[in-house]
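The structure under discussion appears below in the form of structure tokens.
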Amino acid sequence: MPFMSDRRVDRLTSLLRRRGVVLPSFELYGGVSGLVDYGPVGARIRRKVMDSWIDHWTSHGDIVEVDSPAITPESVLVASGHVGEFNDLMVECGGCTGAFRVDHLIEDSHENKNSLSPEELVAILSTGIECPTCKESKWSDVRTMDLMFSTQIGAMKGGRKAYMRPETAQGMFMLYPALFRHFKQKLPFGAIQTGKGYRNEISPRQGMIRLREFNMAELEYFIDPEDPPCPSLNTWSDSIALVPDPDGEHSGECLITISEALSAGIVRHPTVAWFLARTMDFLINVGIDSTRIRFRQHASTEMAHYADDCWDCELHGEHGWVECVGIANRTCHDLLSHERHSGSKQLKAWRQFEEPRSEIRDVLVPNGASLGPAFKGRAGKVIEALQNLTEIPEKMPFELTLTDGSSVQITDEMATRRSEEVTLHGEWFTPHVIEPAFGIDRIIWHILDHSYTETEKEGEKYSIMRLSSNVSPYDVAVLPLFDKDGMGEIASDILSRVNSMPGLRGEMDSSKSIGRRYARVDEIGVPWAITVDHETLKDGSVTVRRRDDQKQIRVMVDDVLLNLGTGTVSTLF
RNA sequence: GCGGACAUGGUCUAGUGGUUAUGACAGUAGGUUCCCAACCUGCUAACCCGGGUUCAACUCCCGGUGUCCGCACCA
């Protein structure tokens with residue numbers, strides 16, 4: 001083994017580099033912080049994590065996968081609120097050169113800081129706000145911190161301003177009308193999308209934890225807020241660590257089953273509860289240590305104004321507790337905002353009443369014979385305004401305001417008052433959306449962190465990556481004990497049989513001693529090794545070695561391959 | 001973004017203003033051994049980038065980039 005740093009995290013990162021799992025990007029040119037590469041081994045792991053994530057959600061039946069561009073026109077991100085929020089105003093202190101967010105500095109001096117313009121913020125700043133570090137108040141000019149990567153669609157002057165998406169979610173909101181049709185116009189349904197997201201972090205640190213370009217996997221689940229899906233939670237009998245809202249009545253960490261948490265009112269929304277449970281399942285399935293998972297509820301104060309129950313799933317590792325999944329009830333905020341900004345009428349869903357409802361409505365029926373001659377070209381607008389009246393005036397004549405802002409006088413003969421009975425079979429409403437958003441790189445880091453095991457073997461340090469077979473880079477290693485007497489050929493043959501099985505990938509290694517080869521595959525987390533030896537030549541049996549306890553058994557080749565295909569090799573032991 | 005430390009083969013490191021720049025591990029070729037990183041021999045492979053000082057810079061100075069540690073930031 002090479003030199004061992006005294007920090008576990010250093011030894012782990014060094015292994016990940018050495019074995020081609022995760023490495024800094026563009027190192028040839030000095031590297032770029034916040035960007036990483038997945039090497040040949042890491043890319044396999046990432047692919048498997050992504051695939052099991054997609055499989056986990058699409059197997060449910062009412063969730064489908066979509067894919068939309070990373071390049072996003074500015075108007076979309078204005079509507080979503082990203083263009084405003086991602087441009088935090090920053091200011092530097094002339095005394096100690098510290099950088100601060102203006103809104104944080106003036107927090108105590110103004111109640112409604114969110115409503116202030118940049119000019120007003122600067123004005124308040126110059127009233128003698130002190131630097132929290134050095135107590136001076138010599139502030140530099142205010143500048144914006146753009147946390148999105150901006151670009152342009154079209155190379156020439158007329159190019160349209162755009163950004164690299166900071167989340168994949170907006171693409172799914174754009175596809176809402178298509179999804180609504182796909183699901184035969186019935187809620188609930190969901191869409192997932194995996195892909196890259198981009199944030200120009202001020203100071204990315206901690207390796208894979210804060211990246212500038214990162215792998216996301218997001219799910220938008222559209223529901224009727226008056227009829228939220230309440231899947232049964234009885235299948236989840238294990239307790240989950242919850243850290244409820246510190247300002248709420250349930251503050252303090254607790255270990256509790258998900259259905260208890262829902263009935264106790266800790267988790268406020270039944271669909272959110274279901275997503276917490278399903279998220280737990282996914283994480284355990286890809287090999288996260290269940291004792292190092294917890295769900296932390298956002299305090300009412302830190303929650304975005306539109307959301308009403310948000311949970312972060314945090315994983316514990318070398319960097320402490322890190323937020324890896326955010327499960328938010330975004331309510332109708334996004335769809336409504338896109339409806340307002342785009343003017344589209346397709347962002348709603350239909351709610352059928354159980355019983356048709358009749359209503360008596362007073363209406364003014366326009367009289368075209370009288371309106372036409374009176375208003376000529378504007379008559380159309382007048383009729384439209386009359387039909388859109390929500391309150392029918394008591395008396396005639398009255399002033400009617402048109403959509404262009406002008407008003408006209410409506411007299412008796414221009415419209416007839418009438419009571420109409422209308423039967424309503426349902427109504428249009430804006431669906432709510434529950435969004436679980438997964439940071440895949442952070443999850444992969446914790447899979448590696450939790451799997452990395454340092455032991456000793458005959459006084460030597462020995463590392464094993466105890467990856468779940470669901471995410472291991474190779475399913476099996478095929479090792480000829482000697483590369484002679486035809487063992488190499490038999491091994492190649494076994495390998496190609498493995499590789500021809502759907503979804504399976506094996507690796508062959510015939511160099512150096514057998515112990516060294518076991519060590520190499522242990523280090524990258526290959527769960528099984530098949531060794532071809534002299535007996536194989538005689539009877540077709542091989543040694544199967546289990547990574548986690550180094551136990552080995554003798555089995556017929558065909559049996560191992562069969563069990564590899566069904567994921568049941570462990571039953572042979 | 002600020003301050004401090006650091007930057008040498010794939011990994012971890014030694015070292016110097018001057019001619020072939022250490023060592024270990026890994027890799028590789030051969031020998032030997034054979035079910036847990038054995039051994040022997042050979043080989044491959046590095047001074048972060050740009051400028052300056054100097055007869056001469058991997059070494060000293062400045063700038064950049066990157067990493068780590070604090071501060072700030074993390075929607």
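Letters A, B, ... are given to chains in the order of the sequence lines, protein chains preceding strands, and every chain is numbered from 1.
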Open item on the list: Using side chain to side chain donor-acceptor pair (under 3.5 Å), reason through A:R19 and A:S463 one step at a time and then give a plain yes or no.
Closed with: CA-CA 12 Å; A:R19 299 307 310 274; A:S463 326; over 6 Å; no

- [ ] First locate atom CG of A:L572, then atom CZ of A:R546, and finally report the distance between them rounded to the nearest 0.5 Å.
- [x]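 The distance works out to 10.0 Å.
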
Open item on the list: Working to the nearest 0.5 angstrom, can you tell me the gap between A:D309 CG and A:T331 OG1?
Closed with: 12.0 Å

Would you classify [X] as touching base, sugar-phosphate or nothing, given that sugar-phosphate means primed atoms plus P, OP1 and OP2, and contacts are heavy atoms under 4.0 Å?
X	value
A:S33	sugar-phosphate
A:F482	base
A:T531	base
A:D533	base

Donor-acceptor pair, distance only, cut-off 3.5 Å: does the side chain of [X] make one with the backbone of [Y]?
X	Y	value
A:R547	A:V521	no
A:S451	A:I447	yes
A:T279	A:F275	yes
A:R165	A:S68	yes
A:N499	A:G506	yes
A:S570	A:T568	no

Please enumerate all protein N or O atoms sitting under 3.5 Å from an N or O of nucleotides 27-29 of chain B, with distances to 0.1 Å.
unit_1: B:G27; atom_1: OP1; unit_2: A:R520; atom_2: NH1; d: 2.1
unit_1: B:G27; atom_1: OP2; unit_2: A:R516; atom_2: NH1; d: 2.8

Distance, rounded to the nearest Å, where [X] contributes [atom1] and [N] contributes [atom2]:
X	N	atom1	atom2	value
A:E456	B:A37	CD	P	14 Å
A:R517	B:A38	CZ	C1'	14 Å
A:E535	B:C34	CD	P	16 Å
A:L211	B:U67	CG	P	11 Å
A:K484	B:G30	NZ	P	13 Å
A:L28	B:A46	CG	C1'	14 Å
A:L23	B:U67	CG	P	14 Å
A:R11	B:A26	CZ	C1'	18 Å

Pairing nucleotide - [N], Watson-Crick or G-U, each distance under 3.5 Å:
N	result
B:C34	none
B:G42	B:U28
B:G9	none
B:U16	none
B:A21	none
B:G63	B:C49
B:G3	B:C69
B:A56	none

Open item on the list: Any N or O donor-acceptor pair under 3.5 Å from the base of B:C73 to the side chain of A:R210?
Closed with: yes

Open item on the list: Any donor-acceptor pair, under 3.5 Å, between the side chain of A:Y518 and the base of B:C35, if you only look at N and O atoms?
Closed with: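 Yes.
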
Open item on the list: Could you check whether atom CD1 of A:I71 has more than 12 heavy atoms from other residues, nucleotides or ligands sitting under 6.0 Å from it?
Closed with: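 Open: at most 12 neighbouring heavy atoms sit under 6.0 Å from CD1 of A:I71.
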
Task: Heavy atoms of other groups near A:R47 CZ, more than 12 under 6.0 Å - done: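 At most 12 heavy atoms, drawn from other residues, nucleotides or ligands, come within 6.0 Å of this atom.
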
- [ ] Verify ring-ring contact (aromatic ring centres under 6.0 Å, His included) between A:W528 and A:F573, making sure each step is shown before the conclusion.
- [x] CA-CA 12 Å; A:W528 311 106; A:F573 282 77; 5.7 Å; yes

Taking the [atom1] atom in each of [N] and [M], what is the distance between them to the nearest angstrom?
N	M	atom1	answer
B:C12	B:G18	P	27 Å
B:G50	B:G66	C1'	15 Å
B:U11	B:G1	P	27 Å
B:C73	B:U59	P	38 Å
B:C25	B:A37	P	15 Å
B:G30	B:U44	C1'	15 Å
B:C58	B:U8	P	15 Å

Check every atom of [options] against the side chain of [X] and return the nucleotide holding the closest atom.
X	options	value
A:S14	B:U11, B:G1, B:G66	B:U11
A:E523	B:U11, B:A37, B:A72	B:A37
A:Y462	B:U11, B:C36, B:A38	B:C36
A:Q552	B:A37, B:C35, B:G1	B:C35
A:R554	B:G66, B:C35, B:C73	B:C35

Open item on the list: Less than 4.0 angstrom from a charged side-chain N to a carboxylate O is my criterion; do A:R545 and A:D522 meet it?
Closed with: yes

Open item on the list: Under 4.0 Å, heavy atom to any atom of RNA chain B: which of residues 536-545 of chain A qualify?
Closed with: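 Going residue by residue through residues 536-545 of chain A, the ones with a heavy atom under 4.0 Å of RNA chain B turn out to be A:T543, A:R545.
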
Task: Whichever of A:V532 and A:E27 has its nearest RNA chain B nucleotide further upstream toward 5' - done: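 Nearest nucleotide further toward 5': that of A:E27.
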
Task: 5' precedence on RNA chain B between A:E323 and A:V32 (nearest-nucleotide basis) - done: A:V32

Between the protein and nucleotides 68-70 of chain B, are there any N/O to N/O pairs under 3.5 Å, and if so, what are the atom names and distances?
unit_1: B:C69; atom_1: N4; unit_2: A:R205; atom_2: NH2; d: 3.1
unit_1: B:G70; atom_1: O6; unit_2: A:R205; atom_2: NH2; d: 2.7

Task: A:D533 versus A:T536, side-chain donor and acceptor atoms under 3.5 Å - done: yes

TODO: I would like to know whether A:Y462 and A:E460 meet side chain to side chain donor-acceptor pair (under 3.5 Å); could you show each step before the answer?
DONE: CA-CA 6 Å; A:Y462 195 86; A:E460 294 279 303; over 6 Å; no

Open item on the list: Below the 4.0 Å mark, does B:U11 have OP1 or OP2 next to a side-chain nitrogen or oxygen of A:R17?
Closed with: yes

Open item on the list: Check the phosphate of B:A38 against A:S513, side-chain N and O only, distance under 4.0 Å to OP1 or OP2. Yes or no?
Closed with: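 Yes, within the criterion.
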
- [ ] Starting from the C-alpha separation in whole Å, work towards a yes-or-no answer on side chain to side chain donor-acceptor pair (under 3.5 Å) for A:Q552 and A:T543.
- [x] CA-CA 6 Å; A:Q552 50 190 42; A:T543 305; 5.2 Å; no

